[in-house]
Amino acid sequence: MSTLELSEQEIIRRKSLEELNKLGINAYPAAEFKTTHLSTEIKQEFDPAKDNLKEVVIAGRIMSRRIMGKASFAELKDAEGRIQIYLNRDDMCPGEDKTLYNTVFKKLLDIGDIIGVKGFIFQTQMGETTLHVQEMTILSKSLKPLPIVKEKDGKVYDAFSDPELRYRQRYVDLIVNEGVKDVFIKRTKLMNSMRQFFNERGYLEVETPILQSIPGGAAARPFITHHNALDIPLYLRIANELYLKRLIVGGFDGVYEFAKDFRNEGMDRTHNPEFTVMEIYVAYKDYKWMMDFTEEMVEKIALDLHGKTDLQVGDKTIDFKRPFKRISILDAIKEHTGIDVSGMNEEQLRAVCGELEIEIDDSMGKGKLIDEIFGEKCEGNYIQPTFITDYPVEMSPLAKRHRDNPELTERFELMVNGKEICNAYSELNHPIDQKERFEEQMRLSEKGDDEAMFIDHDFVRALEYGMPPTSGMGIGIDRLTMLMTNSDSIQDVLFFPQMRPEKRIVPDSDEKFTELGIAPEWVEVIRKIGFSKVDALKETKPSKLFQDLCGYNKKNKLGLKNPSQDDVAAWLA
RNA sequence: GACUCAGUAGCUCAGCUGGUAGAGCAACGCCCUUUUAAGGCGUGGGUCCAGGGUUCGAAUCCCUGCUGAGUCACCA
């Protein structure tokens, strides 16, 4: 590794690592390091009046250092939080040899290094619970400097805030930015809360195929891949709905799955190409039952995560206390536009869209038009949790027709903060109706609606054997997590949101450069001025390269003997 | 896919109508035994995202590209 490519601080840290080696200290020891406490446990258990906690071992990452001659303070961060440690030269090094403190701690350790310490707990004059170090072990040396984030009275200074760096190097984000970890802990708690809710009721967590030969259950552009042995195309699933319903046909009364789904569509604040959905199907229930069930579940999640139901989300307070408001989509449209669209035909709906200045196109049928009106004029108004019910049949090919109106379906979506987070039906179990609805989707697809669905004949066959009346519900885990953690971007609730890959140029070896006749001392300079590849170098003009090399030599006072212009021309020949 | 904004030291950011790059933190050296955004004195550190153009001269102006963010389009 060429040192010219490393920053000054990285070079210094590599030298410190060598120095540790010379002192016989392995900066990456193999042995288990047994700790007795976590930082939070110490803060809870320590009682200055009792003067307890005399033998404590903790491990963590050095986050700050305040060196004051023969004594120092540092902050260690472990999995649970931060705790201050106090290092005193003569306590750490009782004998003549003060190397461990003077050299190892003060000179060779850095912010970011992981150490283990043993000592006793005390309280400083400032009232800070602190571990007084008697023994110190290096557990891992950090070779790259961490961003330094400081904080006083809740105000954060020099936050590590570049979103690109935060998402690409999430590990750094997690180390230095307080609160990031908590979002992800809440995400897991949310899923555990749901699991518990389902398991208590006897529903079975299952796994269904991610690689599917027909990407069914939703309408979206899939990612496509290829299976070599079978020599067939396969798709990453866009939904798991049809597989879960096959299991209901097979005789399970309640099945659920936390599913990673994949859609090959645009990315924005609420869309990532891979995302997580929880879907649950329960036999002998209808969508009204499912509304009660969903309500109870969402309320429980809020309580499990926050101990209360009213949460601050952005500048709004959202209350997840049941019951949630329920309104049919047609009533919602009436409420927000004053227009009653029930019973209207396609032509009349088009006229309404014109009146409301909603953009539409020829491929849209009745259902889609109603959906557009709702999306444009109503959706954003539902801040508090609201069930929107009874969607038109055209936009719900997997939902059962409404018991009172065959134009509508028994379907609901849960709207919170103006966004859909959940979608549920009384599932269509009439095999002939289902087949016809799929065929209708095909016609829409031929009409140009690229959201229409593929037909899954095996699924229809399963329905032909008979599926009990069933209600199903799907809920977007990422979006629910956003609500429950007050995050305004999906990227903040995914550890590793999708990014364009970094370009990594592998530099050519020294030999490839010296083979051209270039003197070894100039190779690093050539790299530094931007040529890591011999091929790129050969493209450049000798005169420009000559000037750049001499200029760099002079500017950086390298003191190298400049090559002649002829030398440079010979290298590139 | 369209538009807008951004990219300067390890991090956060200044840098005016073009004139050889600045601060704080971090780093390095020295001082300091209960500090906490520790403090004091001193020092080093930059292909100013990349490539072209205009100019005597470009971090700065123009064009192209790369990366990211935002808005829209798309999105059961």
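Within every chain, numbering begins at 1; the chains are lettered A, B, ... in the order of the sequence lines, protein sequences first and strands thereafter.
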Engineer: Who pairs with Glu372(A) by salt bridge (Lys or Arg N to Asp or Glu O under 4.0 Å), at least two apart in sequence or on another chain?
Structural biologist: none
Engineer: With a 3.5 Å cut-off and sequence neighbours excluded, list the donor-acceptor pairs that the side chains of residues 147-162 of chain A form with protein atoms.
Structural biologist:
unit_1, atom_1, unit_2, atom_2, d
Glu151(A), OE2, Gly154(A), N, 2.9
Asp162(A), OD1, Glu164(A), N, 2.9

Engineer: Show me the side-chain donor-acceptor pairs of residues 119-126 of chain A shorter than 3.5 Å, one per line, residues at least two apart or across chains.
Structural biologist:
unit_1, atom_1, unit_2, atom_2, d
Gln123(A), NE2, Gly127(A), O, 3.3
Thr124(A), OG1, Met126(A), N, 3.3
Thr124(A), OG1, Gly127(A), N, 3.4
Thr124(A), OG1, Glu128(A), N, 3.1

Engineer: Under the ring pair (Phe, Tyr, Trp, His ring centres under 6.0 Å) test, which residues partner Tyr243(A), sequence neighbours left out?
Structural biologist: none
Engineer: Touch check for Ala159(A), heavy atoms < 4.0 angstrom, all strands: base, sugar-phosphate only, or nothing?
Structural biologist: sugar-phosphate
Engineer: Which residues pass the salt bridge (Lys or Arg N to Asp or Glu O under 4.0 Å) test with Arg61(A), sequence neighbours left out?
Structural biologist: none
Engineer: Tell me, which of residues 125-135 of chain A have any heavy atom that sits under 4.0 Å from an atom in RNA chain B?
Structural biologist: Gln125(A), Met126(A), Glu128(A)
Engineer: Taking salt bridge (Lys or Arg N to Asp or Glu O under 4.0 Å) as the definition, give me every residue that meets it alongside Glu379(A), ordered by chain and number, with sequence neighbours left out.
Structural biologist: none
Engineer: Under 4.0 Å between a side-chain N/O of Lys106(A) and OP1 or OP2 of C32(B), yes or no?
Structural biologist: no
Engineer: Looking at every strand, decide which applies to Arg168(A) at a 4.0 Å heavy-atom threshold: base, sugar-phosphate, or nothing.
Structural biologist: sugar-phosphate
Engineer: If the condition is salt bridge (Lys or Arg N to Asp or Glu O under 4.0 Å), which residues does Glu394(A) pass it with, not counting sequence neighbours?
Structural biologist: none
Engineer: Reading nucleotides 38-45 of chain B 5' to 3', which nucleotides get B (base under 4.0 Å from a protein heavy atom), which S (sugar-phosphate only), which -?
Structural biologist: B-----BS
Engineer: Report each atom pair, protein N/O against N/O of nucleotides 70-72 of chain B, whose distance is under 3.5 angstrom.
Structural biologist:
unit_1, atom_1, unit_2, atom_2, d
U71(B), OP1, Arg269(A), NH1, 2.4
U71(B), OP2, Arg269(A), NH1, 3.2

Engineer: Could you list all the salt bridge (charged side-chain N to carboxylate O under 4.0 Å, His left out) pairs where at least one residue sits in residues 414-427 of chain A, not counting sequence neighbours?
Structural biologist: Lys245(A)-Glu427(A)
Engineer: Going by salt bridge (charged side-chain N to carboxylate O under 4.0 Å, His left out), name the pairs with one or both residues in residues 84-93 of chain A, residues two or more places apart or in two chains.
Structural biologist: Asp90(A)-Lys98(A)
